[in-house]
Amino acid sequence: MSSVSVVITVYKRYDFVGKAINSVFSQSFPANEVIVVADSPGKLGNLSNVRLVECISEYHGECVVRGVQESTNGLILFLEDDDLFAPNKITKIVEVFKEIKPLYVHNLQAYIDVEGREVSRHDKRAFLYEPFQPKSLVSWRSARELIGVWLKYPALHHNLSSIAVKRDLILANEDVLSKIRSSLDWAITALSYSGGVHVPYRLTYYRLGSGNTSIRGKGEKELERLIRVYERELESKRTFLKYAQLPPEMEEFLRFDVYVHNAYLSFLKGKEFDLDLKTYREFMGMRNRTLVPIELSIQLSLKLSKSLYR
């Protein structure tokens with residue numbers, strides 16, 4: 001069995017972190033070390049067998065990198081403060097790394113509400129993620145293979161708590177990751193182009209309704225929060241693309257991903273929907289010809305966004 005470090009990040013929200021930590025200590029195969037990176041470590045009190053690291057930066061990437069730098073083991077599992085590990089998470093992930101030897105592993109999620117009760121995967125809040133992740137094992141060993149999988153399953157990278165990596169992958173890219181505020185799951189998945197795998201085990205409990213991506217400001221409506229989140233994510237993705245060293249085809253794909261999400265942000269703001277469907281469809285066709293016509297996907301996204309956020 002490999003030596004495992006779990007890096008838990010906390011920023012301003014402390015309501016659920018105790019449960020997150022307990023889910024790590026309830027594993028059938030224990031972690032060798034648990035590192036909690038928090039903006040206010042004093043709020044956590046004295047925790048046994050936990051290394052506390054202070055990081056007051058609002059750049060999530062900087063705090064994640066700090067946690068990895070503090071680790072002493074070769075395999076890193078991430079956990080955000082409001083999510084949970086299933087009891088067999090570490091056991092299964094270690095098995096995958098031992099058998100397949102990837103740089104990166106992503107697993108499926110189960111869904112819970114703010115009270116910790118399990119939510120159906122058919123719940124409309126889970127629909128943003130559930131249909132767009134593989135339900136069987138898929139792997140890649142090149143940028144082109146990763147792009148093919150990602151195009152077919154655009155939520156392939158959801159979410160950071162469902163990602164485990166070799167420590168060296170983060171340390172080799174610590175400068176660029178430290179520069180981004182959010183979208184760490186997106187960025188780390190992009191960096192896994194030389195060897196990754198998605199496994200169809202539901203090893204993470206993803207908490208719906210807790211403000212997973214961004215806590216809502218006082219008096220802020222959900223649509224306003226969503227716009228703010230998209231703006232922040234697009235800023236992070238552009239920063240990543242500016243500094244990351246990527247194969248040309250990977251960079252091309254990610255730039256198009258930013259282009260599409262910028263068009264969607266324009267829609268949310270009530271501005272002209274700037275997206276060339278013909279170009280988009282041709283780009284998709286270059287990579288994966290099994291997709292349904294892209295217009296249907298866009299229409300579905302628009303209808304869904306109106307029903308959820310209007």
Side-chain angles (χ1 to χ4, degrees), residues 4-28 30-31 33-64 66-68 76-90 93 106-121 123-126 128-130 155 157-164 181-185 202-218 220 222 225-226 228-229 232-233:
V4 175
S5 297
V6 177
V7 174
I8 303 173
T9 50
V10 193
Y11 183 70
K12 291 187 177 180
R13 179 181 52 197
Y14 287 78
D15 296 344
F16 307 104
V17 67
K19 293 181 173 62
I21 293 170
N22 287 338
S23 77
V24 176
F25 285 115
S26 300
Q27 292 292 298
S28 54
E33 64 181 353
V34 179
I35 300 167
V36 177
V37 185
D39 60 315
S40 300
K43 292 182 178 180
L44 295 169
N46 295 319
L47 296 173
S48 299
N49 302 316
V50 171
R51 187 182 312 167
L52 293 177
V53 177
E54 184 178 47
C55 181
I56 59 175
S57 174
E58 63 183 30
Y59 285 73
H60 190 201
E62 181 179 350
C63 294
V64 165
R66 284 280 303 280
V68 175
I76 307 294
L77 279 67
F78 300 110
L79 181 59
E80 297 192 296
D81 59 81
D82 60 336
D83 294 332
L84 304 171
F85 281 173
N88 62 337
K89 162 91 173 186
I90 295 178
I93 293 299
H106 179 270
N107 61 259
L108 282 176
Q109 310 82 41
Y111 304 94
I112 55 175
D113 63 17
V114 291
E115 302 299 329
R117 296 170 298 206
E118 194 155 353
V119 174
S120 168
R121 66 192 67 169
D123 187 284
K124 70 176 183 179
R125 293 170 295 175
L128 292 169
Y129 321 108
E130 182 65 22
H157 55 84
H158 174 75
N159 68 330
L160 189 62
S161 299
S162 297
I163 290 174
R181 295 176 185 267
S182 63
S183 300
L184 264 292
D185 55 341
R202 296 186 185 273
L203 303 176
T204 309
Y205 289 98
Y206 178 71
R207 197 178 299 268
L208 298 166
S210 61
N212 304 71
T213 307
S214 177
I215 300 172
R216 191 183 306 182
K218 186 176 181 181
E220 186 179 40
E222 177 62 12
R225 186 193 75 85
L226 189 67
R228 178 166 57 87
V229 168
R232 188 184 65 180
E233 289 186 350

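Just so you know, these numbers use all the heavy atoms, side chains as well, and skip hydrogens, waters and symmetry mates.
- In terms of the salt bridge (charged side-chain N to carboxylate O under 4.0 Å, His left out) criterion, Glu62 has no residue partners (sequence neighbours excluded).
- Evaluation of the salt bridge (charged side-chain N to carboxylate O under 4.0 Å, His left out) rule for Glu58 yields Arg181 as partners, not counting sequence neighbours.
- Leu108 is linked by a side-chain contact (heavy atoms from CB on, under 4.5 Å) to Gln133, Lys135, His198, Pro200, Arg202, counting only residues two or more places apart in sequence or in another chain.
- Every residue meeting the side chain to side chain donor-acceptor pair (under 3.5 Å) condition with His157, not counting sequence neighbours, appears here in chain and number order: Asp185.
- Side-chain N/O atoms of Ser162 and Asn159 include a donor and acceptor closer than 3.5 Å.
- A side-chain N or O of Ser5 and one of Glu33 form a donor-acceptor pair less than 3.5 Å apart.
- The side chain to side chain donor-acceptor pair (under 3.5 Å) test applied to Arg121 returns no partner, not counting sequence neighbours.
- Of all heavy-atom pairs spanning Ser57 and Cys63, the tightest one is O-SG, 3.6 Å.
- Heavy-atom contacts from other residues, nucleotides or ligands closer than 6.0 Å to CD1 of Ile56 number 12 or fewer.
- Closest heavy-atom contact between Ser120 and Ala126: O-CB, 4.2 Å.
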Sequence neighbours excluded and cut-off under 3.5 Å, please list the side-chain donor-acceptor pairs for residues 19-26, or say none.
| from | atom 1 | to | atom 2 | distance (Å) |
| --- | --- | --- | --- | --- |
| Asn22 | ND2 | Gly18 | O | 3.3 |
| Ser23 | OG | Ala20 | O | 2.7 |
| Ser23 | OG | Phe85 | N | 3.0 |
| Ser26 | OG | Asn22 | O | 2.8 |

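- Every side chain to side chain donor-acceptor pair (under 3.5 Å) that Asp113 has, sequence neighbours left out, goes to Arg117.
- Looking at every heavy atom in both residues, Val119 comes nearest to Leu208 through CG1-CD1, 4.1 Å.
- Ile93 pairs with exactly one of Val4, Asn88, Leu77 by the side chain to side chain contact (heavy atoms under 4.5 Å, CB included) rule, that one being Leu77.
- Evaluation of the side chain to side chain donor-acceptor pair (under 3.5 Å) rule for Ser28 yields Thr91 as partners, not counting sequence neighbours.
- In this structure, His60 has no ring-ring contact (aromatic ring centres under 6.0 Å, His included) partners at least two apart in sequence or on a different chain.
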Exercise answer: donor-acceptor pairs, residues 34-45 side-chain atoms, under 3.5 Å, sequence neighbours excluded:
| from | atom 1 | to | atom 2 | distance (Å) |
| --- | --- | --- | --- | --- |
| Asp39 | OD1 | Lys12 | N | 3.1 |
| Asp39 | OD1 | Tyr14 | OH | 2.7 |
| Asp39 | OD2 | Lys12 | N | 3.4 |

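- The backbone N or O of Tyr206 sits nowhere less than 3.5 Å from a side-chain atom of Thr204 that would complete a donor-acceptor pair.
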